[in-house]
2 protein chains.
Amino acid sequence: MQDAFSLVPDNGAQAGLLDRIRQLVLGGEFPPGALLPEAYLAQEFEVSRTPVREALKQLQHEGLVEIRPKVGTFVREPTRREIVELFQLKESLEGLAASLMARRGEVPELAVLRRNLADSEEAVADGDKDGYARLVHEFHWAIVHGSDNRKLVEHYERLMNQLAYQRLVLRTVEHPGRIAASTQEHRSVLKMIEHKDPFGAESAMRNHVYASSREALMPESSLNPAPRN
Amino acid sequence: MQDAFSLVPDNGAQAGLLDRIRQLVLGGEFPPGALLPEAYLAQEFEVSRTPVREALKQLQHEGLVEIRPKVGTFVREPTRREIVELFQLKESLEGLAASLMARRGEVPELAVLRRNLADSEEAVADGDKDGYARLVHEFHWAIVHGSDNRKLVEHYERLMNQLAYQRLVLRTVEHPGRIAASTQEHRSVLKMIEHKDPFGAESAMRNHVYASSREALMPESSLNPAPRN
DNA sequence: ACAGCGTAGGTTGCATGCATGAAGCCCGTC
DNA sequence: GACGGGCTTCATGCATGCAACCTACGCTGT
């Protein structure tokens, strides 16, 4: 099992292992509800069960899988309620991020945002939906990083991991009208940040996230995502 | 907190292990920067190193300890910057919680808040600082739970675990004037929630958390940077 | 045909052993 | 006395083995 010369950087192997298993789950290889056998993963990634177990524990903590003791580890499918809850958190955290970034003045992330908006308009003009989706993603992450609050970034990462399933759905959901509106909202957020208006930036961001989530939650939207303040 | 009916006898042992190690860390048994030897913990809790390792990985994920590969697991002391970041998050999350709770109308947590305020005034009158600190704690948690957003609760738990060191400091920091102000702020928050005013509740809560954190961050001397190695 | 039960298969939970790597100490040298 | 290199001492990282336990399936008796 162990090769005579294992050039795995020890820890590197294990950190990468977590990522690889996460990709396996997020990639849809294992559909929600499916069992993730430790032995299989161990063989697949050529390690023993021990590091696999540790990785699965992490994934449980991230909310991606559910470990039923003495039974097995299963891919967890977020309930609709959880998705709503996660979007509420997303709104709050991204609002905070925009607010904090607006206080910082001229930071590198601002340039990213400006460029991102330009590219986004181009992508829309070209009808490049994939490119646009990627840019939307980048826009949000740039603001979160622009907050310069690492703890916020950590919590946001966790959040987005749990929403990662939905990301796939998101793209397909976007209506044409929504795309235009979304771009306009991005523009508003950027403007507020440029004006160093934390309040306005937070408000704009929250409105944007709220509108986007509403759209994302649309399909089975017989549930009411709670009225706005 | 009181929601887990964990009927897992086997995992219960291990979950208990995590809690026990966490208490060891939070209780100050091991000061920040101290090494947490797996072998010692294993012997102390009469299990093997394997479950201890898994628990330590969890604690790392919670931000309480730092695992330096091939070296050891060390109790992590948040830097002042991280504490500021965490308080910013706290403000945002508790604001969200208050907002969500305000939308819900008459919920059980409201009664808890009302009673809490009455008890708090009594504790202040009696000069019962410990009791008051506990009540403050309960007030905040009641609102977070009152949000009825489990994901929010999860993230908040994580956050508070990382701030748990500071909680101890907090009590000693409170100035007499601050206590009166804090109680008044709690009253305002409750009133806004009772009035079903999400926006007002969020605002009041954020102001309160901000004021409290300012106070907590006041004495820089109480947070010793503690050089490691 | 159906309900209840016992058993077999499979999966996890944990203990243990060994190899690897890191940090510090001792000793020799300058 | 200061400095540097090798070695000793731990502590971790992982592989493996075994036992416990859950689930499902087939068998039996009614």
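Below, chain A is the first sequence line, B the second, and so on; all start at residue 1. Just so it is clear, the model here is predicted, and its values are computed rather than measured.
- Comparing D:dG13, D:dC14, C:dT16 against the side chain of A:Glu54 picks out D:dC14 as the nearest.
- Residue B:Leu56 contributes atom CG, which lies 14 Å from atom P of D:dA11 at whole-angstrom precision.
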Does A:Tyr210 form a side chain to side chain donor-acceptor pair (under 3.5 Å) with A:Gln88? I'd like the steps, not just the answer. CA-CA 8 Å; A:Tyr210 179 73; A:Gln88 286 172 342; over 6 Å; no
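- Between the CD1 atom of A:Ile67 and the C1' atom of C:dT12 there is a distance of 10 Å, rounded to whole Å.
- Across all strands shown, A:Leu36 has heavy atoms under 4.0 Å from sugar-phosphate atoms exclusively, and none from any base.
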Salt bridge (charged side-chain N to carboxylate O under 4.0 Å, His left out) assessment of B:Arg115 paired with B:Asp119: CA-CA 6 Å; B:Arg115 160 140 219 152; B:Asp119 291 350; 3.5 Å; yes
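- Taking every side-chain heavy atom of B:Lys70 into account, C:dG21 is the closest of D:dA15, C:dG21, D:dC18.
- Side-chain atoms of A:Thr50 and base atoms of D:dT16 include a donor and an acceptor less than 3.5 Å apart.
- Within the 4.5 Å cutoff, side-chain heavy atoms of B:His186 are placed close to those of B:His208.
- Within the structure, every side-chain polar atom (N or O) of B:Ser48 is placed at least 4.0 Å from both OP1 and OP2 of C:dC14.
- Within 4.0 Å of B:Arg49, counting heavy atoms only, lies at least one base atom of the nucleic acid.
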Run the numbers on A:Arg178 and A:Ser212 for side chain to side chain donor-acceptor pair (under 3.5 Å), then give the verdict. CA-CA 8 Å; A:Arg178 179 68 201 127; A:Ser212 295; 2.9 Å; yes
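- When the nearest nucleotides of DNA chain D are assigned to A:Arg68 and B:Pro37 by heavy-atom distance, the more 5′-ward of the two goes with B:Pro37.
- The side chain of A:Val71 has D:dT23 as its nearest neighbour among C:dC14, D:dT23, D:dC14.
- With rounding to whole Å, B:Leu41 atom CG is found 13 Å from D:dT12 atom C1'.
- Rounding to whole angstrom units, CG of residue A:Leu35 and P of C:dT11 are separated by 7 Å.
- The side chain of B:Arg53 has D:dG13 as its nearest neighbour among D:dG13, C:dT12, D:dA15.
- Between B:His145 and B:Trp141, the side chains place no donor N or O within less than 3.5 Å of an acceptor N or O (distance only, hydrogens not considered).
- Summarising the geometry, the separation between CD on B:Gln58 and C1' on C:dG13 is reported as 15 Å, rounded to the nearest angstrom.
- Taking atom CD on B:Glu38 and atom C1' on C:dT16, their separation rounds to 14 Å, with Å as the unit.
- As a whole-Å value, the separation of A:Gln43 CD from D:dT16 P is 12 Å.
- In this structure, B:Leu18 places its CG atom 16 Å from C1' of C:dG13, rounding to the nearest Å.
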